[in-house]
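These notes are about the structure you will find just below.
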Amino acid sequence: MRSLTDAVCQTRAQLEAGADWDIIVIGAGITGAGIARVAAQRGYRTLLLDRGDLAGGTSNFSSKMVHGGLRYLGQGHFRLTRQAARARERLRQRWPDIITPLPYYLMHHRGRGPGPLAMRLVLWIYYRISGAKPFHRPRWLTPEQLAARLPGLNLADNLGANHYFDAVCDDSHLVLRTLEEAVAQGADLSHYTEVTALRRNEQGQINGVDIACGERRCQLTAPMVINATGVWADGLTPLPEGLMMRPLRGSHLVFDQRDLPLTASLTLFHPRDKRVVFCYPWAGTSVLGTTDLDHLADKNAPARCSAEEREYLLELLPLLGLNHTPPILSSWSGLRPIVTPQPKAGEKQAPSDASREHLIWDEPGLVNVTGGKLTTFVEMAEEVMASAESQGRLPEPQPQPDIILTQRPHLDGSAIGNSLTPRHELVHWARHGAIHQLSDLLLRRTRLGWVLGEGLRAYQDEIQQLCQPALPWDDSRWQQEWQHYWHHFQQYHQE
Ligand SMILES: Cc1cc2nc3c(=O)[nH]c(=O)nc-3n(C[C@H](O)[C@H](O)[C@H](O)COP(=O)(O)OP(=O)(O)OC[C@H]3O[C@@H](n4cnc5c(N)ncnc54)[C@H](O)[C@@H]3O)c2cc1C
């Protein structure tokens, strides 16, 4: 099976040789990865490009929930919730090692948020429309039952909790697995390759792209280009008239699980504005998030958690029985690609009320897609491909059998620090994960950077020793990589 490293090396050689493709997909987040997989499976010669790392955009900074979106149901978006809840079930069946069910306890406090009975009704509707297993039907937990299920927390006086199920994943692993399958189906892949412009033929129709890969510039032609660049989609082509991109930032704080011991996700109504915020176990840590606010800074610079967002999230700790702030290991912030109508003068919609639905728009030779959710990426990819095929510019499809890659055989090996990353997993990604720089390995192929924070420094020498045979960097390059890594990490983590 071709690894990601092999695929990137082979693709670079093909780019040098002036090869051509049927479809060029721009953006290796979950949206572009899903499209590349479907396109390759249909037998199209497919090339996927990203200007940064694989899964380096929003798809690695999400809340990592594979869910129908209870909140959307509450807002009356029945279709979106139903579609996403069913997509969650399909993803769980396809990749049970990546998408895992997680119990959620929706805690109720007197005078805060909707009442327990109303929520019980909403949860029943949610359960019924998702087609989930009977075992996952919602239940009621008294305060005593809730406390017994979360023995490490000293929960403040609450009315009890509605207990339901959703699923959680590692978002960048979801992208990587999708890419591995795309590559296994024959897709080509080049990261750190920026599309600098779309190319047009004499009739003004899109017929390729200009790219920059390191010092190299070249032009590629293809009958179909797909722009799946998320929050940056309007950088390559304008949105349809009357619409605008409204980047909404969401931030998360990461704690050591020993400081905030959780076996389930707690769904809380924020005391300040009654927004739903989650506190959940992830990759051996406990995560608190997310916020939802307009990102007014440059969207091309790394987004990070502001002091104001940190304060907002920390206000939830007393509800979890904590009257002090444990050390924050790391924090991440992502930009939601939200497309909204241009507001009329004086009109202002609250960020959390803005629709998360995706948008597809096209012109001859080009299909654009933005918005949506991780959870619905397969359905979005199919819609995009239907739109591309309907233009009649692609050759006859030659569908191949679907390739589903499952978990790699689990070798014995202890995990690094308090992370859940075994040493052999780190080495596997170093060798096969198309690593261009150390932060690819430590922030996206593994999650050691987020999970250990500054504690990673204690493992620097060991990581270097383990990975040096797989990554052909000499000692001075390693030193540079470490410096660059810490700079990169700080850019995300601090304000
Ligand atoms: C805080 C937050 C929480 C979320 N939580 C959830 C959740 O729990 N569940 C859920 O289902 N969804 C969630 N979402 C939504 C979900 O994360 C996004 O909808 C999804 O990740 C968007 O993926 P994408 O591939 O479209 O964009 P991205 O992942 O951003 O990918 C776009 C890619 O395009 C590349 N690119 C841009 N310009 C160029 C160019 N010129 N040339 C080459 N490449 C380019 C970028 O480098 C990037 O890698 C959340 C989003 C946020 C922000």
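We count ligands from 1, going down the list as the structure has it; atoms in each ligand are counted the same way. Computed from a prediction, not measured in an experiment: that's the story for all the values here. Nothing fancy with the numbering, it's 1 onward along the sequence.
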Not counting sequence neighbours, list each pair that qualifies as a ring pair (Phe, Tyr, Trp, His ring centres under 6.0 Å) and has a residue in residues 220-257.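 Applying ring pair (Phe, Tyr, Trp, His ring centres under 6.0 Å) to every pair that reaches into residues 220-257, excluding sequence neighbours, yields H252-W332.
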For R128, give me all partners under side-chain hydrogen bond (donor to acceptor under 3.5 Å, both in side chains), at least two apart in sequence or on another chain.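 For R128, no residue satisfies side-chain hydrogen bond (donor to acceptor under 3.5 Å, both in side chains) once neighbours in sequence are set aside.
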Set of salt bridge (Lys or Arg N to Asp or Glu O under 4.0 Å) partners for R92, sequence neighbours left out: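 Testing R92 for salt bridge (Lys or Arg N to Asp or Glu O under 4.0 Å), a comparison that skips the adjacent residues, returns E89.
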Answer yes or no: does atom CZ of R216 have more than 12 heavy-atom neighbours from other residues, nucleotides or ligands under 6.0 Å?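 For R216, atom CZ is crowded (more than 12 foreign heavy atoms under 6.0 Å).
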Can you tell me which residues line ligand 1 if we count any heavy atom under 4.0 angstrom from one of its atoms, in chain and number order?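 Residues near ligand 1: I26, G27, G29, I30, T31, D50, R51, G57, T58, S59, F61, S62, S63, K64, M65, H67, T193, E194, V195, A228, T229, G230, W232, G250, H252, T290, G334, L335, R336, G372, K373, L374, T375.
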Set out, in order, the CA-CA distance, both residues' side-chain angles and the distance that settles salt bridge (charged side-chain N to carboxylate O under 4.0 Å, His left out) for R2 and D188, then state yes or no. CA-CA 10 Å; R2 241 175 18 140; D188 293 313; 3.6 Å; yes
Using only heavy-atom distances, determine whether the side chains of W429 and E425 contain a donor-acceptor pair under 3.5 Å.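 Distance-only check passes for W429 and E425.
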